[in-house]
Amino acid sequence: QVQLVESGGGLVQPGGSLRLSCAAPRAILSTFIGLFPMAWYRQGPGKERELVASIGIRGVTNYADFVKGRFTISKDNNRKTMYLQMNSLEPEDTAVYYCNSLRNSGNWGQGTQVTVSS
C-alpha cells in the first residue's frame, strides 16, 4: 500500500543534467526508503521496464552498464528521500523513470518523464 512519488524530470539538452527525487509521503513507515533495498527503473517507448540503479540498506550501490559513470543513486541522511543524479544525459536516456524497492513491494507511481533532445 506504499505509494511512491517521483519528481524532477523534464526536458533537457544532450549533455545536460537532472536530479530525480523519490518519496513515499503517505507511507505509515516514513522511513520506507531506508528499510529496504531501493532502485530506480526506467521504461522507454515500446520497451519493458528496466533496472537503472539500486542502493542497499547499507548503502552499497549498483548500476546498469548504460549509466555507469554518469548516474549516481543516493539517499538523504534521514533515509526519507532517494535521488538519482543524472549527468551527461543522452537522447537514449529518454524514458519514464520510476522508483520502488528492489523487491517491488511498493505501488508503482506515475513516474517522471525525462526527455533528452535538442
Side-chain angles (χ1 to χ4, degrees):
Q1 296 295 328
V2 175
Q3 184 65 58
L4 297 163
V5 179
E6 302 90 350
S7 62
L11 175 63
V12 65
Q13 296 183 16
S17 298
L18 287 171
R19 189 193 193 197
L20 308 184
S21 298
C22 170
R26 296 188 296 274
I28 296 175
L29 295 175
S30 61
T31 58
F32 173 82
I33 288 171
L35 293 174
F36 304 100
M38 297 293 296
W40 284 96
Y41 301 83
R42 72 184 187 186
Q43 187 169 16
K47 298 182 178 180
E48 291 288 315
R49 183 180 292 117
E50 62 184 351
L51 180 66
V52 175
S54 64
I55 184 166
I57 57 176
R58 303 197 71 176
V60 178
T61 59
N62 194 25
Y63 299 91
D65 288 341
F66 51 81
V67 302
K68 284 182 178 178
R70 301 189 297 122
F71 292 7
T72 303
I73 188 171
S74 64
K75 293 181 284 187
D76 67 15
N77 292 334
N78 293 323
R79 303 295 192 268
K80 295 181 179 179
T81 308
M82 184 174 68
Y83 305 97
L84 185 67
Q85 179 65 48
M86 310 166 67
N87 299 324
S88 301
L89 284 163
E90 304 168 353
E92 293 75 18
D93 296 317
T94 296
V96 179
Y97 285 71
Y98 302 88
C99 63
N100 210 329
S101 71
L102 199 59
R103 191 182 174 185
N104 297 341
S105 58
N107 291 336
W108 294 103
Q110 296 184 40
T112 184
Q113 176 70 52
V114 172
T115 302
V116 185
S117 176
S118 59

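Quick note: numbers below take in every heavy atom, side chains included, and nothing from hydrogens, waters or symmetry partners. Predicted model, so just to flag it, every value in this text is computed and none were measured.
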Participant: Run the side-chain donor-acceptor check on residues 38-45: report pairs under 3.5 Å with partners two or more places apart or on a different chain.
Facilitator:
{"residue": "W40", "atom": "NE1", "partner": "Y83", "partner atom": "O", "Å": "3.3"}
{"residue": "Y41", "atom": "OH", "partner": "N104", "partner atom": "OD1", "Å": "3.1"}
{"residue": "R42", "atom": "NE", "partner": "E50", "partner atom": "OE2", "Å": "3.0"}
{"residue": "R42", "atom": "NH1", "partner": "D93", "partner atom": "OD1", "Å": "3.0"}
{"residue": "R42", "atom": "NH1", "partner": "Y97", "partner atom": "OH", "Å": "3.0"}
{"residue": "Q43", "atom": "NE2", "partner": "K47", "partner atom": "O", "Å": "2.9"}

Participant: In Å and rounded to the nearest 0.5 Å, what is the CD1 to CG distance from I55 to L102?
Facilitator: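 I55 atom CD1 to L102 atom CG measures 11.5 Å (nearest 0.5 Å).
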Participant: Shared ILVMFWY cluster between L35 and M82, side chains joined below 4.5 angstrom?
Facilitator: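 Per the 4.5 Å side-chain linkage, L35 and M82 are co-clustered.
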Participant: Which atom pair, heavy atoms only, marks the closest approach of D76 to K80?
Facilitator: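 Smallest heavy-atom distance, with atoms named: OD1-N, 3.0 Å.
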Participant: Measure from the side-chain N and O atoms of N100 to the backbone N and O of G106, and report whether any donor-acceptor pair falls under 3.5 Å.
Facilitator: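 Checking the backbone N and O of G106 against the side chain of N100, a donor-acceptor pair under 3.5 Å is found.
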Participant: Anything under 3.5 Å between a donor and an acceptor, one on a side chain of residues 5-20, the other on a protein residue two or more places apart or in another chain? List them.
Facilitator:
{"residue": "E6", "atom": "OE1", "partner": "G111", "partner atom": "N", "Å": "3.1"}
{"residue": "E6", "atom": "OE2", "partner": "C99", "partner atom": "N", "Å": "3.0"}
{"residue": "S17", "atom": "OG", "partner": "N87", "partner atom": "OD1", "Å": "2.9"}

Participant: Please name the pair of heavy atoms, one in V2 and one in A24, separated by the smallest distance, quoted to 0.1 Å.
Facilitator: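 That would be CG1-CB, 3.8 Å.
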Participant: Got a second to check how far L4's CG is from Y98's OH, nearest 0.5 Å?
Facilitator: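 Rounded to the nearest 0.5 Å, the CG-OH separation comes to 12.5 Å.
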Participant: Rounded to the nearest 0.5 Å, how far does CD1 of I57 lie from OG of S101?
Facilitator: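 S101 atom OG to I57 atom CD1 measures 12.0 Å (nearest 0.5 Å).
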Participant: Please give me the minimum heavy-atom distance between S21 and T81, naming the atom from each residue.
Facilitator: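 Between these two residues, the closest heavy atoms are CB-CG2, 4.3 Å.
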Participant: Shared ILVMFWY cluster between F71 and L51, side chains joined below 4.5 angstrom?
Facilitator: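 The answer is no; the residues belong to distinct hydrophobic clusters.
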Participant: Mind checking salt bridge (charged side-chain N to carboxylate O under 4.0 Å, His left out) for K68 and listing every partner two or more places apart, or none if nothing turns up?
Facilitator: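 Counting only residues at least two positions away or on another chain, K68 forms a salt bridge (charged side-chain N to carboxylate O under 4.0 Å, His left out) with D65.
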Participant: Where do F36 and R103 land on the side chain to side chain contact (heavy atoms under 4.5 Å, CB included) test, with the steps shown first?
Facilitator: CA-CA 8 Å; F36 304 100; R103 191 182 174 185; 5.9 Å; no
